[in-house]
Amino acid sequence: SIAEVGGQELVKHGKIAFVDLAGSERLKDSKSEGGMVKETANINRSLFMLGKVIATLAEGKAGTTHVPYRDSKLTKLLMDSLGGSS
């Protein structure tokens, strides 16, 4: 949106991220084969890392604890939405 403040234009930008979190899958139950085994493992790893990032942020020790945003593509993509910086 654009607003005028003190004679100057103030432009506000927003960002939205749609992420299909797919759900944690047990390899045995998913009946994955071949390349799907690797994909299932990567989904589970990303979800695990997302949980780890959220848990670290929930501890409330902002700035004193390393938050592992860069440990997966998912958490790196969601870093801005989770309120973090590298």
Side-chain angles (χ1 to χ4, degrees):
S1 68
I2 301 175
E4 194 166 314
V5 177
Q8 293 185 346
E9 273 190 6
L10 176 66
V11 180
K12 293 183 180 181
H13 296 273
K15 181 179 179 179
I16 189 166
F18 293 99
V19 179
D20 180 6
L21 296 177
S24 181
E25 300 177 357
R26 291 181 184 229
L27 197 55
K28 184 178 178 182
D29 296 338
S30 70
K31 298 181 177 128
S32 298
E33 294 179 5
M36 293 296 289
V37 171
K38 187 175 182 181
E39 184 177 347
T40 300
N42 286 335
I43 289 169
N44 287 336
R45 181 178 172 273
S46 289
L47 290 173
F48 173 75
M49 292 312 303
L50 179 59
K52 196 171 177 182
V53 166
I54 291 170
T56 302
L57 291 170
E59 288 177 4
K61 298 177 185 176
T64 60
T65 305
H66 169 71
V67 181
Y69 292 113
R70 295 183 181 191
D71 289 355
S72 80
K73 289 180 183 178
L74 176 64
T75 54
K76 192 169 183 179
L77 286 170
L78 293 176
M79 184 168 41
D80 290 342
S81 299
L82 295 168
S85 61
S86 58

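Side chains are part of it too, since the values below use all heavy atoms of this structure and drop only hydrogens, waters and symmetry mates.
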* Looking at Leu78 and Ala17, what are the two nearest heavy atoms and their distance? -> CD2-CB, 4.1 Å
* **Distance (rounded to the nearest 0.5 Å) between Asn44 CG and Glu39 CD** => 11.0 Å
* ILVMFWY cluster, Ile43 and Ile54 together (side-chain gap under 4.5 Å) -> yes
* So Val53 and Leu82, side-chain contact (heavy atoms from CB on, under 4.5 Å) or not? Walk me through it. -> CA-CA 9 Å; Val53 166; Leu82 295 168; 3.8 Å; yes
* Asked: Sequence neighbours excluded, which residues qualify as salt bridge (charged side-chain N to carboxylate O under 4.0 Å, His left out) partners of Lys38?
  -> none
* Residues two or more places apart in sequence or in another chain: which of them pass side chain to side chain donor-acceptor pair (under 3.5 Å) with Ser72? -> Thr75
* If you group Ile, Leu, Val, Met, Phe, Trp and Tyr whenever their side-chain heavy atoms sit less than 4.5 Å apart, what else falls in with Met49? -> Phe48
* **Nearest atoms (heavy-atom pairs only) where His66 meets Thr56** => O-CG2, 3.7 Å
* To do: Treat each ILVMFWY residue as a node, draw an edge where side-chain heavy atoms are under 4.5 Å apart, and state whether Leu47 and Val19 are in one component.
  => yes
